[in-house]
Amino acid sequence: MEADEHLVPLALGDMTYACRLLMPRHRSGTEPLVLIGGALQDMYSWPRLERRLTTHTALVLMDLPGTGTAGDLAASAGFEVLADSVLHALDRLAMDRVNVLGASYGAPIAYRLAQSHPDRVARLLLAGATPRVGPRLTAVVRQGLELVGTTDSHPADEPARRDYARNVVDMLVNGATRNEVAQGPAVARLLERQLMRTSQSAALRYAACHERLLGTDLYPPGGIDGVPALVFTGEHDCASSPEENRAVADTIAGCAFALIRDADHMAHLEREAEYADLVTRFLHDRPVHDLPYCTDLRTSPRRQR
């Protein structure tokens, strides 16, 4: 990867956090891409994707409050606080206008940033988005909250942790269609190993992030207009179904929508080359229709003014 890396510490009020700035050594021809990841990810969780993306664009990866190396986030803080944290980071980095990719837990944050500050967002990409967490995922999140809530400073016993890990993995790598997903079994084994090695302190943070998703509409009313947008996920996604992703896309005027074939919620691991190609095409205003690795491509109608 021919990119210079800078680690930037950040603070907003009593919240401390950080971002990694990866700057290509050549002109990219598009605004920097801010990548806001999922609840189980930090700013070092995207190594294969960042190698592909930094060929085409500067990349900003964030540990927002409550994730990764950042300080804690109050339990009462919502996604608006996290969107404000991203905006503060952009101001600190002197980036007037950026592209933003919000994946899973990061999608409501990216959405709020584009909705409240459309002048700062050149293009919006949402991956694995759902208007509201469904019953099955809610049950898995509740299981995780019970697991960490009853153990204080000591981890739960291994059978309980493994049962929870397997339930999480079955949501992220669709257990019903795993053999139809590119590298599905391998990605499932990788995620289960990672979850089983999770420290108690990290598990508490994951649980706090997941709890923020529950019992609320994840996207504020009013939609988004005037920001080019793409919503996408894997065709087998069961953590945020294709229908749920379409519902989010329909709140954004002129939003493009795509499903990546042979992939699910973890498409960035299962089909990283295709994922990176789709993102890069959109960032450079190249067509994203008629791609052999995508299905159900369409564009949401323009909103009536």
Side-chain angles (χ1 to χ4, degrees), residues 33 35-38 40-41 45-53 55-57 99-107 110-111 123-131 134 136-137 168-192 228-252 254-301:
L33 174 64
L35 201 164
I36 308 170
L40 300 179
Q41 295 165 318
S45 294
W46 306 81
R48 295 188 297 179
L49 192 62
E50 70 183 45
R51 283 196 295 270
R52 292 182 182 275
L53 291 178
T55 303
H56 306 282
T57 183
N99 300 308
V100 183
L101 167 57
S104 194
Y105 176 82
Y111 189 100
R123 299 167 192 83
L124 173 67
L125 303 94
L126 304 176
T130 178
R136 183 181 170 197
L137 182 54
V168 172
V169 171
D170 279 347
M171 287 295 304
L172 298 179
V173 186
N174 192 331
T177 60
R178 189 161 299 166
N179 291 329
E180 300 175 45
V181 170
Q183 304 185 75
V187 171
R189 289 192 298 271
L190 170 68
L191 292 176
E192 185 175 332
L230 168 67
V231 173
F232 67 101
T233 192
E235 64 176 339
H236 298 292
D237 190 348
C238 64
S240 60
S241 71
E243 293 74 21
E244 290 167 333
N245 279 267
R246 286 190 201 100
V248 173
D250 285 343
T251 70
I252 306 172
C255 182
F257 175 79
L259 297 176
I260 300 178
R261 296 182 189 274
D262 306 324
D264 50 36
H265 200 70
M266 304 305 290
H268 67 285
L269 292 177
E270 297 153 352
R271 303 203 68 182
E272 64 171 273
E274 293 80 5
Y275 190 108
D277 183 66
L278 180 62
V279 169
T280 300
R281 283 175 175 273
F282 190 75
L283 296 185
H284 289 270
D285 301 320
R286 295 165 58 196
V288 294
H289 59 273
D290 296 331
L291 298 175
Y293 55 81
C294 283
T295 183
D296 200 18
L297 290 142
R298 66 179 181 85
T299 300
S300 297

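The shown structure was predicted, so the numbers you read here are calculated from the model rather than taken from an experiment.
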For Gly184 and Val173, the nearest pair of non-hydrogen atoms, with its separation, is O-CG1, 3.6 Å

Backbone N/O of Thr177 and side chain of Glu180: donor-acceptor pair under 3.5 Å:
no

Less than 4.0 Å between a side-chain N and a carboxylate O, is that true for Asp285 and Arg123?
yes

Are Arg246 and Asp250 ion-paired here, with the side-chain N under 4.0 Å from a carboxylate O?
no

Whether the Asp237 and Ser240 side chains hold a donor-acceptor pair (N or O, under 3.5 Å, no angle test) is what I'd like checked.
yes

Enter the distance from Asp277:CG to Arg281:CZ here, rounded to the nearest 0.5 Å.
4.5 Å

Asp262 and Tyr293: CA distance, side-chain angles, deciding distance, side chain to side chain donor-acceptor pair (under 3.5 Å) verdict:
CA-CA 8 Å; Asp262 306 324; Tyr293 55 81; over 6 Å; no

To the nearest 0.5 Å, atom NE2 of His236 lies from atom CE of Met266 at 15.5 Å

Salt-bridged, Asp264 to Arg178, with N to O below 4.0 Å?
no

Indicate yes or no for a side-chain donor-acceptor contact from Glu235 to the backbone of Ile260 under 3.5 Å, with no hydrogens or angles considered.
no

Geometric class of the Tyr275/His268 ring pair [parallel <30°, tilted 30-60°, perpendicular >60°]:
perpendicular

Given Thr251 and Tyr111, is the side-chain contact (heavy atoms from CB on, under 4.5 Å) satisfied, shown in steps?
CA-CA 10 Å; Thr251 70; Tyr111 189 100; 2.8 Å; yes

Does a salt bridge link Arg189 with Glu192, judged by any charged N lying under 4.0 Å from a carboxylate O?
no

In Å, rounded to the nearest 0.5 Å, how long is the span from CG of Leu137 to OG1 of Thr130?
8.5 Å

If every non-hydrogen atom of Leu230 is compared with every non-hydrogen atom of Phe257, which pair is closest and at what distance?
CD1-N, 4.1 Å

Candidate pair Ile252 and Leu124, rule side-chain contact (heavy atoms from CB on, under 4.5 Å), full reasoning
CA-CA 10 Å; Ile252 306 172; Leu124 173 67; 4.2 Å; yes

Pairing of Arg48 and Glu272 as salt bridge, 4.0 angstrom limit:
yes

The residue among Val288, Val279, Asn245 that forms side-chain contact (heavy atoms from CB on, under 4.5 Å) with Phe232 is Val279

For Trp46 and Leu53: C-alpha separation, side-chain torsions, deciding distance, then whether side-chain contact (heavy atoms from CB on, under 4.5 Å) applies.
CA-CA 10 Å; Trp46 306 81; Leu53 291 178; over 6 Å; no

Which heavy atom of Val231 sits nearest a heavy atom of Cys255, and at what distance?
CG2-SG, 3.6 Å

Stepwise side-chain contact (heavy atoms from CB on, under 4.5 Å) test for His265 and Asn174
CA-CA 8 Å; His265 200 70; Asn174 192 331; over 6 Å; no

What are the two closest heavy atoms between Asp170 and Cys238, and how far apart are they?
O-SG, 3.8 Å

Looking at Ala129 and Ala107, what are the two nearest heavy atoms and their distance?
CB-CB, 4.2 Å

Residues Pro185 and Val181: closest non-hydrogen pair is CD-O, 4.5 Å

